[in-house]
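This report refers to the structure that appears directly beneath it.
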Number of protein chains: 2
Amino acid sequence: MSTKLTSSVIEAWAGLVRTERAVSDRIEERLKNAGLPPLDWYHVLHEVDRSPKGMMRQSGVQSRTQLAQYNLCRLVDRLEGEGLVERHQCQVDGRNNVVVITAKGRALHRAMWPVYAAAIEEQFGARLSPAEAEQLAHLLARVAPV
Amino acid sequence: MSTKLTSSVIEAWAGLVRTERAVSDRIEERLKNAGLPPLDWYHVLHEVDRSPKGMMRQSGVQSRTQLAQYNLCRLVDRLEGEGLVERHQCQVDGRNNVVVITAKGRALHRAMWPVYAAAIEEQFGARLSPAEAEQLAHLLARVAPV
DNA sequence: TAGACACATATGCATCTGCATATAATGCAA
DNA sequence: TTGCATTATATGCAGATGCATATGTGTCTA
């Protein structure tokens, strides 16, 4: 079982989980209070909106958002139901869906960002100096599994 | 709306979310492959087991684990159903439940740790030098909302 | 001591998630 | 071309979660 697991690693991991949950919860709360949908909706809209022509293969959205396949599938169902995106079958490879953002989707994306941004700053950024933020970003970029 | 939100803060936040999700997912996978229950079960057992006499008020478990009240309530239902903990009404204040770990609960707690520990090391610790782990633990301790 | 409030826990219901598997299009080998 | 593995997406069902609110207990105050 030879664990080389040190206490700093355990503390770092525990801190990571705790911070992510606490900050995420508060961000979700802000969104809800502003009458906006959950963060996952934002992340999907964000990926599609920022990609060329506002369209992206569904599998691409999946790998960018790290959502489970069946989970993203049903989230796109909901977004489609709200008229925020459209699903088109890919001409080149009939297996793929292309998710296309609508004007309404772009509008929601734009409306969510200020609330999201303010919540990140308030719950997270404000607790870090610029140097610390950079250090943290750098460390996490190194540790993130590809 | 004056956001002072810098791009390092955004990167740090995105990295935090990505890392937490990816590593958690892989840890859950290891537990499942080992025929063990999800991480939340571990965290509850851990808090109760390590507290004096292996008992803790349910509200205490809640604040330690950061689980939602109704969520913890039903998780304790499940743990109780599996004979891993017992619920007793508190003698002093009838509103409180006291969650008491059973021998079976302790055994499961002990059985889960090696798998959990190995997964943390493999998915997380191994990607960090000792100095980086310490730095990360320190940064996250500062940023974690109380 | 009655009434109002606060606190800890529980629960009905709708929604969401995870799992296994289905459907459907593609590619590749014989 | 047929047959089989591969890739992308969807879905039935069981279980978990979020929300609002219920239940039961304690505390404080007039």
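Throughout, protein chains are lettered first and strands after them, A, B, ... in sequence-line order, and every chain is numbered starting at 1.
Comparing D:dT9, C:dA10, D:dT17 against the side chain of A:N97 picks out D:dT9 as the nearest. Residue B:Q58 places its side chain closer to C:dA10 than to any other of D:dG24, C:dA10, D:dA10. Of the candidates C:dA25, C:dC16, D:dT25, the closest approach to any side-chain atom of A:D93 belongs to C:dA25. Counting only heavy atoms from C-beta on, A:R95 has its side chain closest to D:dT6 among C:dC7, D:dT6, C:dC16.
Counting to the nearest Å, the P atom of C:dT9 and the CD atom of B:E86 are 17 Å from each other. Here the C1' atom of nucleotide D:dT9 and the NE2 atom of A:H88 are 16 Å apart, to the nearest Å. Atom pair A:L72:CG and D:dA10:P shows a separation of 9 Å (rounding to whole Å applied). A:L75 has its CG atom 19 Å from the P atom of D:dT17, to the nearest Å. In this structure, the OH atom of B:Y70 is 12 Å from the C1' atom of C:dT15, given to the nearest Å. For the pair A:R57 CZ and D:dT7 P, the computed distance is 13 Å after rounding to whole Å. Spacing between atom CG of A:D77 and atom C1' of D:dA8 amounts to 14 Å, rounded to whole angstrom units. When the P atom of C:dT9 is taken as reference, atom CE of B:M56 falls 11 Å away, rounded to whole Å.
Within the 4.5 Å cutoff, side-chain heavy atoms of B:R64 are placed close to those of B:R50.
Each of A:C90 and A:R78 has a nearest nucleotide on DNA chain C; the 5'-most of these lies closest to A:R78. Looking at which nucleotide of DNA chain D each of A:N96 and A:R74 is closest to, the 5′-most match is held by A:N96.
Put simply, the side chain of B:Q69 and the base of C:dA8 share no donor and acceptor less than 3.5 Å apart.
Ring geometry for B:H43 versus B:Y116: interplanar angle over 60°, hence perpendicular rather than tilted (30 to 60°).
Under a 4.0 Å N-O distance rule, the pair B:D49/B:K104 does not qualify as a salt bridge. Using a 4.0 Å cut-off between charged nitrogen and carboxylate oxygen, B:R30 and B:E122 count as a salt-bridge pair.
Taking only side-chain nitrogens and oxygens, A:S59 never comes nearer than 4.0 Å to OP1 or OP2 of D:dT7. Distances shorter than 4.0 Å separate none of the side-chain N or O atoms of B:N71 from OP1 or OP2 on D:dA16.
The NE2 atom of A:H46 lies 11.5 Å from the OG1 atom of A:T65; values are rounded to the nearest 0.5 Å.
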